[in-house]
Amino acid sequence: MQLVIASGKGGVGKSTVTASLLYLLKDEYRFVAVDADADAPNLDLLLGVERWEEERELIGAKVARINTESCIRCGICQERCPYDCIKVIDGDYVVSELTCEGCNVCGLVCPVPGTITLEEVRSGVVRKTTTRYGFPLISAQLDVGRPNSGKLVTEEKEWAKKLMGELGLEHMIVDSAAGIGCQVIASIGGADLTILVAEPTPASLSDVQRAYKVVQHFRQPAYLIINKADLNPGFTALREWAEAEGIPILGEIPYDRAIPRSMSMLKPFVEAFPDSKAADAMREIAEKVREEILR
Amino acid sequence: MQIAVSGGKGGTGKSTVAINLAIALGEHYDLALADLDVEAPNDHLLLGVELSNEEPVELFMPRFDYSKCTRCRKCAEVCEEHAIITMRDGTPFLMPNLCSGCAACEIVCPVPGAILPGKKLMGHTYLTETPYGFPLVTGKLLEGEERAMPIVSRAKKRAQALGKELLLVDTAAGTSNTVSKALEDSRLIIAVTEPTPLGIHDGELILRLAKLMDIPAMVVVNRSDLGDVGRVREIAERYGAEVIAEIPYSENVIRSYVEGKPIVLSDYPEAGIFREIASRVVEFLGGGE
């Protein structure tokens, strides 16, 4: 089974919850974990990963380059670039590598053949390790300023699938990026179900509703975990929304200082502070995941 | 001129800093705020306003006129996204989800009128007046669409067109090219980070991007009592950035955020921190009016 953990909004505790869930499931299930937030991966940090066993460069991003020697400075490329990535610097037309999407429109409209070329550049790395908890982790890191492509996530999931075959693993657990863009779509697409993590704030509600629409787009079941559940007692809209949509709530984790403290110890909070009230809640959630999802 | 609030990691408090800074800077400049976190725009929620003046962001999408198409396959060959597939006889078909709207197919098509300009809705931009004396421009990607760049680009243009003295941009998390697009043209980046290992890791990436783009950066440490601010200082120093403020974890900040009442306008002590950030920015930019 392929299950995804998503949130829409960053910082609601998705990776924290994922790390602890993985920790609680590790003895009973054989799975591979995938950190699909290539833009800001941190599941490895939360699982105390110190080294990668294998790292592959991902060449795939494309950026346009303008040959200033043959450029006749007609400006058509700048005019037609859909994202304003071409600037004039000291009289030369220059493509900004940090914003180019690699669509090649400039190359197609350029009247001087060979002046604008599309070059493949490194978009980041995909890497693999075995965590100290025994399960493998696939992660990626996008290079600064590269298109935040879903291809990187697809690459990660391919590698994870291969590992599942080689190691005879039953499940893939994917920690998706925040937001609803290509990485999230690549994470949710092809999965069996999504667990949404949200906190009781208007911003988190708004973002998780958007993530849920992506889940619906793929016609998948969704579940909800409410994190920092007691942060905002007056705010009932998150729970009401889940009930109205028929999204089962797997559990509620109270705000607990044990969580940020465990983060600086680079350990899942259920491991670092097993007696905390957050850990109690997390164990109940893991129990529900066993009974209702992974049974 | 433009400045930006950014920060590698999601949930570090970028939007909280952005809206409070906008309010505080409003005393010095005629400004606009642009929420360019188009996958998860929240500034309007924090400001307690409803989005208004919706404008669609539509991208070009090819429509084929099969009566004119010569089945030459050029459109499919040139499509970087492989969004156009061809049948055995060369008849092109579009897979709309893959189309980036770049119009490359239309440019290379040798038969005028064989590719017609269809349209695809990607999301919206909004222009909302706030009760704080400045307008908010928001970009919002449609759920199910993958490409954030067109929305970022269009929302930024809409904000720039307001012609304000100062444009304050709130970016998405991370350091991908949509963040670079938002940061572009900034005179200063306020990088918001947390002193946790995660925050420090991602905060370093945004400082690296700032350096690559040659934009000066200042660092605001949020939830400063939850980790080691000394580490943040070390890294900031390595990138020539100064830590200009520390905001301790605070129930007051959370309360104001939940209530949609910016804390800078409250009597809480945290209000002073945001005013201090604003005055550092004013100092850096060289005054205002």
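Naming convention: chains lettered A, B, ... in sequence-line order (proteins, then strands); numbering from 1 in each chain.
- Interface residue Ala173(B): only backbone heavy atoms are found under 4.5 Å from chain A.
- The closest side-chain heavy-atom distance from Val121(A) to Ile59(A) is not below 4.5 Å.
- Using a 4.5 Å cut-off on side-chain heavy atoms (C-beta onward), Leu198(B) and Leu46(A) make contact.
- For a residue to count as touching a neighbouring chain, one of its non-hydrogen atoms must lie under 4.5 Å from one of that chain's; by this rule Val152(B) does not touch chain A.
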Should Leu58(A) and Val125(A) be marked as a side-chain contact (heavy atoms from CB on, under 4.5 Å) after you check the CA-CA gap, both sets of side-chain angles, and the distance that decides it?
CA-CA 5 Å; Leu58(A) 196 74; Val125(A) 291; over 6 Å; no
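- Every residue two or more places apart in sequence or in another chain that forms a side-chain contact (heavy atoms from CB on, under 4.5 Å) with Ala217(B) is listed here: Ile189(B), Leu207(B), Ala210(B), Ala241(B).
- Contact of Val179(B) with chain A is not made at all, since no heavy-atom distance falls under 4.5 Å.
- Shown here are the side chain to side chain donor-acceptor pair (under 3.5 Å) partners of Thr131(A), two or more places apart in sequence or in another chain: there are none.
- Both the backbone and the side chain of Leu209(B) come within contact range of chain A, each with at least one heavy atom under 4.5 Å from a heavy atom of that chain.
- The shortest distance between side-chain heavy atoms of Pro150(B) and Pro82(A) does not fall below 4.5 Å.
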Are there donor-acceptor atom pairs under 3.5 Å between chain A and chain B, and if so which?
from	atom 1	to	atom 2	distance (Å)
Gly10(A)	O	Gly11(B)	N	3.4
Gly11(A)	N	Gly10(B)	O	3.4
Asp39(A)	OD1	Thr175(B)	N	2.9
Asp39(A)	OD1	Ser176(B)	N	3.4
Lys62(A)	NZ	Glu80(B)	OE1	2.8
Tyr83(A)	O	Lys181(B)	NZ	2.5
Asp84(A)	O	Lys181(B)	NZ	3.1
Asp84(A)	OD2	Lys157(B)	NZ	2.8
Leu98(A)	O	Ser180(B)	OG	2.9
Cys100(A)	O	Asn177(B)	ND2	3.4
Glu101(A)	OE2	Asn177(B)	ND2	2.9
Gly145(A)	N	Thr175(B)	O	2.7
Arg146(A)	O	Asn177(B)	N	3.0
Ile180(A)	N	Glu39(B)	OE1	2.7
Gly181(A)	N	Glu39(B)	OE1	2.6
Cys182(A)	N	Glu146(B)	O	3.3
Thr201(A)	OG1	Tyr257(B)	OH	3.4
Asp207(A)	OD2	Asn42(B)	ND2	2.9
Arg210(A)	NE	Glu39(B)	O	3.3
Arg210(A)	NH1	Leu141(B)	O	3.0
Arg210(A)	NH1	Glu143(B)	OE2	3.4
Arg210(A)	NH2	Val38(B)	O	3.1
Arg210(A)	NH2	Glu39(B)	O	3.3
Arg210(A)	NH2	Leu141(B)	O	2.8

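- The most heavy-atom pairs under 4.5 Å with chain B, out of Gly179(A), Cys182(A), Gly234(A), come from Cys182(A).
- Using a 4.5 Å heavy-atom threshold, the side chains of Leu43(A) and Val49(A) count as separate.
- Of the listed residues Cys103(A), Ala203(A), Ala38(A), Pro260(A), the one with more heavy-atom pairs under 4.5 angstrom with chain B than any other is Ala203(A).
- In this structure Cys75(B) satisfies the side-chain contact (heavy atoms from CB on, under 4.5 Å) test together with Phe64(B), Ile84(B), Pro92(B), Cys105(B), Ile115(B), sequence neighbours excluded.
- Using a 4.5 Å cut-off between heavy atoms, Cys81(A) does not touch chain B at all.
- If you measure heavy-atom distances from Leu266(A) to chain B, the contacts under 4.5 Å come from the side chain alone.
- Val169(B) places none of its side-chain heavy atoms less than 4.5 Å from the side chain of Val5(B).
- Neither the backbone nor the side chain of Ile200(B) comes within less than 4.5 Å of any heavy atom in chain A.
- Between Leu238(A) and Ile226(A) the shortest side-chain heavy-atom distance falls below 4.5 Å.
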Would Val109(A) and Ile107(B) count as a side-chain contact (heavy atoms from CB on, under 4.5 Å) here? Give the steps.
CA-CA 7 Å; Val109(A) 297; Ile107(B) 294 167; 3.5 Å; yes
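- Ranked by non-hydrogen atom pairs under 4.5 Å with chain B, the options Ile185(A), Leu45(A), Val214(A) are led by Ile185(A).
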